[in-house]
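Accompanying notes for the structure given below.
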Amino acid sequence: MPLVNSKEMFEKAYKGGYAIGAFNVNNMEVVQAITEAANELNSPVILQVSAGARKYAKPVYLKKLVEAAVLDTDIPVVLHLDHGADFETCKDCIDSGFTSVMIDASSKPYEENIALTRKVVEYAHDTSKHPYVTVEAELGTLAGVEDDVKVEFGKSSYTDPNQVEDFVKRTGVDSLAIAIGTSHGAYKFTPAQCTRDARGVLVPPPLRFDILEEVSKRLPGFPIVLHGASSVLQEYVEIINAHGGKMPDAVGIPEDQLRKAASMAVCKINIDSDLRLGVTAGIRKHFDEHPDHFDPRQYLTDARNNCREIVKHKIIDVLGSQNKK
Ligand code: G3H
Ligand code: 13P
Ligand code: ZN
């Protein structure tokens with residue numbers, strides 16, 4: 001199946017009350033793990049590439065890895081630019097065959113966000129130059145770290161539902177990322193923002209479902225995106241900490257809340273940190289148990305296996321996208 005854009009995928013997801021997993025990729029093992037898991041479960045999937053990933057792996061390597069995964073599987077796959085910072089990066093990705101891009105001008109003033117998003121949409125939707133490329137934009141800002149941009153806790157801002165209709169109408173964007181309390185990275189909340197359960201595990205504040213509901217009332221049928229949606233799986237944090245790592249108080253978004261969001265207007269759920277934990281847990285445990293090993297294929301197999309299991313778990317228990325290809 002060739003690469004597809006996200007239009008039909010989101011239409012089906014919206015109607016079906018599930019979401020598509022958008023997983024970040026940086027190397028071969030993670031591309032394989034995601035697409036093999038999705039293929040096994042007959043689930044559509046989005047592979048997304050950040051500016052940092054393009055810098056790390058070089059755009060051509062990532063593109064070819066994704067092409068190989070498409071040949072190796074039989075599911076709809078979207079190749080998406082994550083957090084495109086400017087028009088040139090979006091254009092470069094569109095020209096090289098990406099089927100979807102995000103223009104993230106959410107930190108700019110509202111009118112500048114509109115103008116830049118509109119410019120990207122005009123280029124992406126111009127089918128005289130390339131097939132229709134879907135565009136995601138963002139309103140509101142998440143806390144956490146993306147590439148070189150760090151938004152301090154307390155400096156993030158929830159999406160204002162009063163702006164969304166105007167934004168979507170004036171930009172022509174295909175989907176909208178909103179801020180309802182998720183955040184990037186493995187430390188989504190400070191301990192002071194959380195309570196603790198009986199075992200002493202941090203319990204984060206709930207997502208602002210009232211904002212999501214208000215947004216979807218204003219934009220009926222329109223696909224919403226959640227960034228910063230890793231649950232920071234504690235079983236992998238525990239493996240990391242048991243094998244020489246140090247990640248105290250790493251905390252994410254509870255999966256029941258993500259499942260609820262997926263049953264509402266949220267059609268795309270972004271997951272990167274959970275895969276990073278899977279890779280790191282696999283490698284740390286392997287090194288600890290096999291100090292004599294030095295063949296990367298040995299420990300990267302464990303990393304890849306963890307990621308495959310994590311993606312399967314997300315598809316079945318969080319996204320609900322199994323057998324929706
Ligand atoms: O939103 C951020 C993603 O987790 C990508 O992270 O910019 O470090 O590649 P990165
Ligand atoms: P996490 O850090 O929660 O995995 O978020 C990833 C993301 O939003 C990528 O754009
Ligand atoms: Zn993000």
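Throughout, numbering of the chain's residues begins at 1 and tracks the sequence. Start at 1 and go down the list; that is how both ligands and their atoms are numbered.
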- Message: I'd like the name of whichever of Arg276, Gln48, Met102, His184 reaches closest to atom 2 (C) of ligand 1 through any heavy atom.
- Response: His184

- Message: For ligand 2 and Asp274, I'd like to know whether there is a polar contact (N/O to N/O, distance under 3.5 Å).
- Response: no

- Using a strict cut-off of 4.0 Å, indicate which atoms of ligand 1 neighbour a heavy atom of His83. 1 (O)

- Query: Quick one: do the Lys314 and Ser231 side chains pair a donor with an acceptor below 3.5 Å?
  - Reply: yes

- Ranked by distance from atom 2 (O) of ligand 2, the top protein heavy atom is Ser273 OG, 2.7 Å

- Message: Taking 4.0 angstrom as the limit and counting only heavy atoms of Asp272, give me the atoms of ligand 1 inside it, by number and element.
- Response: 3 (C), 4 (O), 5 (C), 6 (O)

- Which word best sums up how the rings of Tyr123 and His130 line up, parallel for under 30°, tilted for 30 to 60°, or perpendicular for over 60°? tilted

- Item | His184 neighbourhood, listing ligand 2 atoms whose heavy-atom distance to it stays under 4.0 Å | 2 (O), 5 (O), 6 (C), 7 (C), 8 (O), 10 (O)

- Task: Determine whether the aromatic ring centres of Tyr132 and His125 lie less than 6.0 Å apart.
- Result: yes

- In the protein, which heavy atom is nearest to atom 8 (O) of ligand 2, and how far is it? Gly228 N, 2.8 Å

- What do we get for Ile271 next to ligand 2 when only non-hydrogen atoms under 4.0 Å count, side chain, backbone, both or neither? backbone

- Query: Relative to the ring of His293, is the ring of His290 parallel (under 30°), tilted (30 to 60°) or perpendicular (over 60°)?
  - Reply: parallel

- Query: With a cut-off of 4.0 Å, which atoms of ligand 2 are near a heavy atom of His83?
  - Reply: 10 (O)

- Identify, for atom 10 (O) of ligand 2, the protein heavy atom at the shortest distance, and state residue, atom and that distance. Asp82 OD2, 2.6 Å

- ligand 2 atoms in contact with His227 (distance to a heavy atom under 4.0 Å): 8 (O), 10 (O)

- Item | Sidechain N-carboxylate O distance under 4.0 Å for Glu111, Arg118 | no

- Message: Quick check on the hydrophobic clustering: are Ile211 and Val266 connected, directly or via other members, by side-chain heavy-atom contacts under 4.5 Å?
- Response: yes

- His227 atom (N/O/S) at minimal separation from the Zn ion (ligand 3): ND1

- Query: Is the shortest distance from a heavy atom of Gln48 to ligand 2 less than 4.0 Å?
  - Reply: yes

- Between the side chains of Thr73 and Thr35, does any donor sit under 3.5 Å from an acceptor? no

- Query: What are the atoms of ligand 1, with element, lying closer than 4.0 Å to any heavy atom of Ser50?
  - Reply: 5 (C), 7 (O), 9 (O), 10 (P)

- Structural part of Ala186 in contact with ligand 2, heavy atom criterion under 4.0 angstrom: neither

- Could you see which bit of Asn24 sits under 4.0 Å from ligand 2, with heavy atoms only: side chain, backbone, both or neither? side chain

- Note on the structure: Closest to atom 3 (O) of ligand 2 among protein heavy atoms sits Lys188 NZ, 2.5 Å

- Item | Residue portion contacting ligand 1 (non-hydrogen atoms closer than 4.0 Å) for His227 | neither

- Task: Might you confirm whether atom CD of Glu8 has over 12 heavy atoms from other residues, nucleotides or ligands at distances under 6.0 Å?
- Result: no

- Query: Are more than 12 heavy atoms from other residues, nucleotides or ligands located less than 6.0 Å from atom CZ of Arg196?
  - Reply: yes

- Task: Compute whether any side-chain donor of one residue and acceptor of the other, for Thr89 and Asp86, lie under 3.5 angstrom apart.
- Result: yes

- Query: Going by the order shown, which atoms of ligand 2 are within less than 4.0 Å of some heavy atom of Ala229?
  - Reply: 3 (O), 5 (O)

- For the pair His184 and His83, name the ring-plane relationship: parallel under 30°, tilted 30 to 60°, perpendicular over 60°. perpendicular

- Does an N or O anywhere in Asn24 fall below 3.5 Å from an N or O of ligand 1? no

- Task: Provide the atom name of the closest N, O or S atom of His83 relative to the Zn ion (ligand 3).
- Result: NE2

- Note on the structure: Smallest heavy-atom separation, Ala177 atom then Met102 atom, equals CB-CE, 4.5 Å

- Task: Decide if atom CZ of Phe209 counts as having more than 12 heavy atoms of other residues, nucleotides or ligands within a radius under 6.0 Å.
- Result: yes

